[in-house]
Amino acid sequence: AIIQKRDKQRRLKNYKMSDQLRDELKEEFGVHLDDRLKLWWTDTKHGGVPGVVSELKGEGRWGKRQPWRQIPTSPESDAKVDSDLVMSLLEKRDK
């Protein structure tokens, strides 16, 4: 539901609320979203962005639409989140 609320706020160009919802996903659930790269990941051990994300250059919505992909972090972190649920919510959001 948070992903859907966030997307609605982005479409309404209410970026302040959209950012707050993104932060809520990160702080409460450990889920990080990168809309431009169409990537998401769970918290990492060091708390930063996985190296592979830093190296990628995606086209996101500015070019051909890319599918969402999960960046694996660690088995422990990834196990805390239902990957299938996150993927289905993101796919619904993009329809």
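Only this structure's heavy atoms are used, side chains among them; waters, hydrogens and symmetry mates stay out. Model, not experiment: these values are computed from the prediction.
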Colleague: With a 4.5 Å cut-off on side-chain heavy atoms, are H32 and T42 touching?
Modeller: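 No, every pair of side-chain atoms sits at 4.5 Å or beyond.
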
Colleague: Can you measure from NZ (K26) to CD1 (I2) and round to the nearest 0.5 angstrom?
Modeller: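 The CD1 atom of I2 is 14.0 Å from NZ of K26, to the nearest 0.5 Å.
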
Colleague: Are W40 and M87 close enough that some pair of their side-chain heavy atoms sits under 4.5 Å apart?
Modeller: yes

Colleague: Taking C-beta and beyond as the side chain, do F29 and V81 meet within less than 4.5 Å on heavy atoms?
Modeller: no

Colleague: Decide yes or no for L33 and L90: does some side-chain heavy atom of the first lie under 4.5 Å from some side-chain heavy atom of the second?
Modeller: yes

Colleague: Among residues at least two apart in sequence or on other chains, which ones pass salt bridge (charged side-chain N to carboxylate O under 4.0 Å, His left out) with D19?
Modeller: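 Here the qualifying residues are R22.
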
Colleague: Any side-chain heavy atom of D78 within less than 4.5 Å of one from W41?
Modeller: no

Colleague: Could you see if I3 belongs to whatever hydrophobic cluster contains L39? Use Ile, Leu, Val, Met, Phe, Trp, Tyr and a side-chain cutoff under 4.5 Å.
Modeller: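 The answer is no; the residues belong to distinct hydrophobic clusters.
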
Colleague: Could you report the tightest heavy-atom contact between S18 and Q9, atom names first, then the distance?
Modeller: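 Closest approach of S18 to Q9, heavy atoms only: N-CB, 4.0 Å.
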
Colleague: Can you name the residues that form a side chain to side chain contact (heavy atoms under 4.5 Å, CB included) with D82, not counting sequence neighbours?
Modeller: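 For D82 the side chain to side chain contact (heavy atoms under 4.5 Å, CB included) partners, ignoring immediate neighbours, are D84, L85.
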
Colleague: Do N14 and K16 make a side-chain contact, defined as non-hydrogen atoms from C-beta onward lying under 4.5 Å apart?
Modeller: yes

Colleague: Determine whether R6 and D35 make a side-chain contact, defined as any pair of heavy atoms from C-beta on separated by less than 4.5 Å.
Modeller: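 The answer is yes, as the side chains (C-beta and beyond) meet within the 4.5 Å cut-off.
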
Colleague: Applying the 4.5 Å side-chain criterion to the ILVMFWY set and letting contacts propagate, would L25 and I71 be lumped into a single cluster?
Modeller: no

Colleague: Are S77 and D43 linked by a side-chain donor-acceptor pair shorter than 3.5 Å?
Modeller: no

